[in-house]
Amino acid sequence: MSTITADHRVTQVVRTKTDLFRKLLEWGGFGAGAILVAFGVVAIAMGFSGRATVADSLKLEKIVGSADMTPALIAKEAKDAGLTNVANMPTVDVAGKAIDNGTRARAFASYMRIHALEASGGFTYAQMGRFTAKPDAPKAELAVGGGTDNPQFAVIDAASKQPVANGARNLWVTETALTTALNTSYMADRLGLFGIVVGIALLLSGIGFIVLAFAALHRPKTAASLS
């Protein structure tokens with residue numbers, strides 16, 4: 001009789017420890033789920049806030065697409081300007097539209113690049129010389145895209161006595177600065193969208209953890225009532 005009682009006590013102690021460990025895991029599931037839900041809500045809020053900031057910042061600049069900013073018209077302009085094999089031709093129509101979101105900002109930047117190529121004759125910043133070259137400058141001193149990097153063969157400004165800067169190259173610098181800012185807006189807009197997607201995933205994962213923990217927490221009670 002005493003042996004049976006002792007075995008029963010041992011079984012009860014083991015069962016109690018098992019139930020305690022299980023409860024700790026189950027409540028841990030509740031805690032993890034709650035944390036994931038909180039992180040999800042915060043990520044979603046930050047994502048929407050980031051996208052709103054991008055839109056508000058772009059609206060302040062009051063940028064509107066010019067009349068030629070359609071894929072068909074810009075392709076015709078590029079062809080008429082003698083530009084061939086231009087990579088990343090614009091595919092989004094922003095003619096007459098306010099540039100107020102990341103997608104339109106990126107499209108506007110792609111049109112600006114074509115305009116800059118038209119002005120430079122199809123040459124990029126690295127292909128043009130720093131200064132405006134003299135008419136009689138030797139070919140060996142000329143850059144591929146025009147101008148020269150040698151001050152000795154550059155046109156000299158009468159007032160400042162300094163070499164005259166290459167206007168087409170400076171235009172490219174300005175275009176690059178503006179398009180970089182617009183592309184950064186696009187990137188920020190996409191990151192905001194990514195944050196929203198991740199937030200939704202975290203939210204759903206947290207809810208799933210809580211549901212599983214709730215189901216597991218009530219399993220012992222159901223088993224006990226059946227026995």
Side-chain angles (χ1 to χ4, degrees), residues 28-75 77-78 83 85-120 122-128 168-213:
F30 272 117
I35 291 173
L36 286 173
V37 169
F39 280 2
V41 171
V42 171
I44 292 171
M46 291 179 66
F48 277 111
S49 176
R51 299 193 77 192
T53 299
V54 170
D56 291 341
S57 298
L58 287 172
K59 287 176 182 177
L60 290 175
E61 301 304 321
K62 304 185 185 304
I63 305 172
V64 178
S66 58
D68 65 339
M69 288 188 173
T70 66
L73 288 178
I74 201 67
E77 277 189 14
L83 302 181
N85 300 323
V86 178
N88 302 321
M89 287 292 290
T91 58
V92 178
D93 184 347
V94 294
K97 298 178 182 177
I99 308 304
D100 53 6
N101 59 54
T103 302
R104 289 183 179 179
R106 185 188 187 194
F108 190 89
S110 65
Y111 283 105
M112 286 185 63
R113 186 173 189 276
I114 303 302
H115 288 164
L117 286 171
E118 290 172 1
S120 67
F123 297 102
T124 63
Y125 173 86
Q127 296 176 300
M128 293 180 280
R169 194 171 190 260
N170 288 347
L171 176 65
W172 191 271
V173 172
T174 303
E175 182 273 339
T176 300
L178 294 174
T179 54
T180 298
L182 291 170
N183 285 323
T184 301
S185 297
Y186 172 77
M187 182 180 67
D189 183 73
R190 296 296 94 181
L191 287 174
L193 181 60
F194 177 74
I196 293 172
V197 173
V198 171
I200 293 173
L202 289 173
L203 188 62
L204 294 176
S205 299
I207 293 173
F209 265 102
I210 292 173
V211 170
L212 290 174

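Numbers for residues simply follow the sequence, beginning at 1. Treat the numbers as computed from the prediction; the structure is a model and nothing was measured. Computation of the quantities below employed the complete heavy-atom set of this structure, encompassing side-chain atoms and omitting hydrogens, waters and symmetry-equivalent molecules.
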**OP:** Only counting residues at least two apart or in another chain, list the ones meeting side-chain contact (heavy atoms from CB on, under 4.5 Å) with Leu203.
**Re:** Val37, Val41, Ile44, Ile207
Subject >> Heavy-atom pair with the smallest gap, counting every atom of Val92 and Tyr111 >> reply: O-OH, 2.7 Å
**OP:** Write down the atom of Ala67, the atom of Leu73, and the distance for their closest heavy-atom approach.
**Re:** O-CD1, 3.5 Å
Subject >> Shortest non-hydrogen separation from Gly206 to Leu36 and the atoms involved >> reply: CA-CB, 3.5 Å
Original post:
To the nearest 0.5 Å, how far apart are CD1 in Ile35 and CG in Leu202?
Top reply: 12.0 Å
Original post:
Can you tell me how far the OG1 atom of Thr53 sits from the CZ atom of Phe48, to the nearest 0.5 Å?
Top reply: 13.0 Å
Original post:
Can you tell me how far the OG1 atom of Thr180 sits from the CD atom of Glu175, to the nearest 0.5 Å?
Top reply: 8.0 Å
Subject >> Interatomic spacing from CZ in Arg106 to CG in Asn183 - rounded to 0.5 Å >> reply: 7.0 Å
**OP:** Considering non-hydrogen atoms only, spot the tightest contact between Ala43 and Gly199 and give its length.
**Re:** CB-CA, 3.6 Å
Original post:
What pair of heavy atoms forms the shortest contact from Ala75 to Met89, and how long is it?
Top reply: CA-CE, 3.7 Å
Original post:
Counting distance only, does the side-chain N/O of Ser49 pair as donor-acceptor with the main-chain N or O of Ala45 below 3.5 Å?
Top reply: no
Subject >> Check: Ala107 main-chain N/O paired with Tyr186 side-chain donor or acceptor under 3.5 Å >> reply: no
Original post:
Is the shortest heavy-atom distance from the side chain of Ile114 to the side chain of Glu77 under 4.5 Å?
Top reply: no
Subject >> Separation between OG of Ser185 and CG of Leu58, rounded to the nearest 0.5 Å >> reply: 4.5 Å
Original post:
How far apart are the C-alpha atoms of Tyr125 and Thr176, what are their side-chain angles, what is the distance that settles it, and do they pass the side-chain contact (heavy atoms from CB on, under 4.5 Å) test?
Top reply: CA-CA 9 Å; Tyr125 173 86; Thr176 300; 5.6 Å; no
**OP:** Could I get the full list of side-chain hydrogen bond (donor to acceptor under 3.5 Å, both in side chains) partners for Arg104, not counting sequence neighbours?
**Re:** none
**OP:** Name all residues meeting the side-chain hydrogen bond (donor to acceptor under 3.5 Å, both in side chains) criterion together with Ser57; count only those two or more places apart in sequence or in a different chain, and write none if there are none.
**Re:** none
Subject >> Partners meeting side-chain hydrogen bond (donor to acceptor under 3.5 Å, both in side chains) with Asp100 (sequence neighbours left out) >> reply: none
Original post:
What residues form a salt bridge (Lys or Arg N to Asp or Glu O under 4.0 Å) with Arg113, not counting sequence neighbours?
Top reply: none
**OP:** Drop me the distance from Ile63's CD1 to Leu182's CG, to the nearest 0.5 angstrom.
**Re:** 5.0 Å
**OP:** Give the minimum heavy-atom separation between Leu117 and Thr124, together with the two atoms involved.
**Re:** CD2-CG2, 4.5 Å
**OP:** Go through the structure and list residues passing side-chain hydrogen bond (donor to acceptor under 3.5 Å, both in side chains) with Glu61, not counting sequence neighbours.
**Re:** none
Original post:
Any chance CG of Asp56 has more than 12 other-residue heavy atoms, nucleotides or ligands included, within less than 6.0 Å?
Top reply: yes
**OP:** Go through the steps for His115 and Ser66 under the test side-chain contact (heavy atoms from CB on, under 4.5 Å), then give the verdict.
**Re:** CA-CA 11 Å; His115 288 164; Ser66 58; 4.1 Å; yes
Subject >> Arg190 and Arg51, any side-chain heavy atoms less than 4.5 Å apart >> reply: yes
